[in-house]
Amino acid sequence: MRWLATVAGVVVSVVVLRALVQPPGPQIIRSEPSQAAEDTAAARGQLVYERYGCAMCHGADGTGGRENLNSETDGKIPGVVKVAEGYTRSELARLVRNGTPRIGKADQAGPVPPYRMPGWGHRLSDAEVDDLVGYLISLAPESTSWR
């Protein structure tokens with residue numbers, strides 16, 4: 001009977017010790033939305049641009065310049081600061097959703113350019129695409145006459 005009391009004491013000690021040593025369980029933490037970004041399509045679109053890594057190819061400031069050997073765009077990934085010159089909002093949204101399946105070659109006998117614009121339609125919501133388009137349009141220089 002004495003051994004039963006000893007075993008029970010050990011079991012209780014282990015349970016108590018384990019409860020004291022175990023880290024607390026996960027807690028839900030609710031944070032307030034960031035006040036840094038204005039509530040505009042362009043500001044929300046900038047967050048989309050940053051979050052999904054658009055800057056990796058098109059540059060943090062949208063001026064592009066990353067090498068894309070043998071591409072028809074001077075061997076570089078094009079910037080996005082002047083996309084409003086060549087695309088309507090709906091065309092730009094379609095480009096973001098579908099990407100560019102093929103990139104033209106500068107030298108037809110040369111290799112295929114390594115980078116192309118992927119389609120983001122499966123990852124971005126319609127609202128995110130609209131906000132991203134708003135941001136891209138907002139990058140146009142103020143001095144452009146068509147703006």
Side-chain angles (χ1 to χ4, degrees), residues 7 9-147:
V7 170
V10 170
V11 168
V12 168
S13 296
V14 168
V15 169
V16 169
L17 183 60
R18 190 166 187 193
L20 292 174
V21 175
Q22 195 168 15
Q27 297 177 0
I28 296 174
I29 299 174
R30 298 190 193 279
S31 62
E32 293 300 315
S34 172
Q35 299 300 323
E38 298 173 41
D39 192 25
T40 65
R44 291 188 308 267
Q46 182 177 5
L47 294 175
V48 173
Y49 186 85
E50 293 166 358
R51 183 179 303 135
Y52 288 96
C54 304
M56 290 176 59
C57 293
H58 297 291
D61 58 357
T63 57
R66 181 177 180 162
E67 276 193 314
N68 195 14
L69 302 176
N70 199 36
S71 68
E72 64 186 356
T73 53
D74 295 328
K76 296 185 171 144
I77 294 174
V80 292
V81 293
K82 295 184 179 180
V83 294
E85 289 181 30
Y87 297 96
T88 65
R89 284 182 176 268
S90 61
E91 290 170 337
L92 193 52
R94 188 170 37 256
L95 179 62
V96 168
R97 284 187 183 97
N98 300 330
T100 307
R102 277 183 249 125
I103 300 295
K105 295 180 180 183
D107 175 6
Q108 294 305 313
V112 174
Y115 303 112
R116 66 172 188 79
M117 169 79 178
W120 290 92
H122 66 288
R123 300 274 319 263
L124 299 177
S125 69
D126 288 342
E128 287 174 315
V129 170
D130 291 342
D131 291 342
L132 180 57
V133 167
Y135 172 64
L136 296 175
I137 298 291
S138 78
L139 292 177
E142 291 290 328
S143 62
T144 53
S145 61
W146 49 266
R147 195 159 195 232

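Owing to the predicted nature of the structure, the values given are computational and were not obtained by experimental measurement.
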Whether Lys76 side chain and Gly64 backbone form a donor-acceptor pair below 3.5 Å: no

Check for a donor-acceptor pair, side chain of Asn70 on one end and backbone N or O of Asp107 on the other, with a separation under 3.5 Å. yes

Grab the two heavy atoms, one from [X] and one from [Y], that are nearest each other, plus how far apart they are.
{"X": "Pro101", "Y": "Gly99", "value": "CD-O, 3.7 Å"}
{"X": "Pro113", "Y": "Ser71", "value": "CG-CA, 3.6 Å"}
{"X": "Thr88", "Y": "Glu91", "value": "N-OE1, 2.9 Å"}
{"X": "Val80", "Y": "Leu136", "value": "CG2-CD2, 3.7 Å"}

With rounding to the nearest 0.5 angstrom, report the CZ to CG distance, Arg116 to Asn68.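 CG of Asn68 is found 11.5 Å from CZ of Arg116.
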
Are the side chains of Lys82 and Pro141 in contact, using a 4.5 Å heavy-atom criterion? yes

Any side-chain heavy atom of Ile137 within less than 4.5 Å of one from Leu92? yes

Go through the structure and list residues passing side chain to side chain donor-acceptor pair (under 3.5 Å) with [X], not counting sequence neighbours.
{"X": "Asp74", "value": "none"}
{"X": "Tyr115", "value": "Arg66"}
{"X": "Arg97", "value": "Asp126"}
{"X": "Asp131", "value": "Arg44"}

Donor-acceptor contacts under 3.5 Å from residues 47-58 side chains, at least two apart:
unit_1	atom_1	unit_2	atom_2	d
Tyr49	OH	Gly59	O	2.6
Glu50	OE2	Gln46	NE2	3.3
Tyr52	OH	Glu128	OE2	3.4
His58	ND1	Pro78	O	2.8

Contacts of Glu67 meeting side-chain contact (heavy atoms from CB on, under 4.5 Å) (sequence neighbours excluded), chain-then-number -> Leu69

